[in-house]
Amino acid sequence: MEPVQTTGYAPPADPTAIFGRRTVAFLIDLVIGVAIMVAVFASLAESADMGSNFQAELTCDRINEDSDNICIQADSTVILAEQGDVGATIFAALVYGVGAYLILPALTGGTLGKLLVGIRVVDKDTFARAGFGKHLVRWIL
């Protein structure tokens, strides 16, 4: 009988031992994604100070009822986003999702958060980096 060859990596004795690092990795990825979406939205949306909370609320109510634009009130400030701004923000989120959860893991074995905390996604049989196909299925599900 031939000896079994390993790749130099052995899974932890307790598979749940990396739960904390996985949680931190998820939070890092989430913060990066939200920061990108906020940056894109903030760069496209317009804001104006209405002088009072009441005036800002009335303005947002009128805009939200009479148009397809989105108005957000923050104290006396009105933030106005047109449909294209929201679409661009959603597109940026989609691009980030494909890049961070599909392309980067297929090339490196993990998302930015996973790489920062030192974990990666591997094939369960070979412990080699999981390929594009497996990450595609993972991303879709």
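We count residues from 1, following the sequence as given.
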Cluster overlap Phe132 with Leu107, hydrophobic side-chain contacts below 4.5 Å: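 Result: yes, single cluster for both.
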Please tabulate, for side-chain N and O atoms in residues 85-102, each donor-acceptor pair with protein atoms closer than 3.5 Å (sequence neighbours left out).
residue, atom, partner, partner atom, Å
Asp85, OD2, Glu82, N, 3.0
Thr89, OG1, Asp85, O, 2.9
Tyr96, OH, Asp29, O, 2.9

How would you list, by chain and number, every residue that makes a side chain to side chain donor-acceptor pair (under 3.5 Å) with Asn69, sequence neighbours excluded?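 Residues passing side chain to side chain donor-acceptor pair (under 3.5 Å) with Asn69: none at all.
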Name every donor-acceptor pair, under 3.5 Å, that has one atom in a side chain of residues 30-48 and the other anywhere in the protein, sequence neighbours excluded.
residue, atom, partner, partner atom, Å
Ser43, OG, Ala39, O, 3.3
Ser43, OG, Val40, O, 2.8

Do Arg21 and Ile18 have side chains that get closer than 4.5 Å, going by heavy atoms?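 Result yes, sub-4.5 Å side-chain heavy-atom pair found.
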When you compare the side chain of Cys71 with that of Ile79, does any pair of heavy atoms fall below 4.5 Å? no
Side-chain donor or acceptor of Gln73 paired with backbone N/O of Asp75 under 3.5 Å: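 Such a contact is found between Gln73 side chain and Asp75 backbone.
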Look up atom [atom1] in [X] and atom [atom2] in [Y], then write down how far apart they are to the nearest 0.5 Å.
X: Leu80; Y: Ile72; atom1: CG; atom2: CD1; answer: 9.5 Å
X: Leu136; Y: Ile103; atom1: CG; atom2: CD1; answer: 10.5 Å
X: Ile119; Y: Lys114; atom1: CD1; atom2: NZ; answer: 6.0 Å
X: Ile28; Y: Thr23; atom1: CD1; atom2: OG1; answer: 11.0 Å
X: Cys60; Y: Gln55; atom1: SG; atom2: CD; answer: 10.5 Å

Kindly determine whether Arg22 and Val117 satisfy side chain to side chain contact (heavy atoms under 4.5 Å, CB included), including the steps that lead there. CA-CA 8 Å; Arg22 287 179 57 91; Val117 298; over 6 Å; no
Hydrogens and angles aside, do Asp49 and Ser76 bring a side-chain donor and acceptor to less than 3.5 Å of each other?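 Yes.
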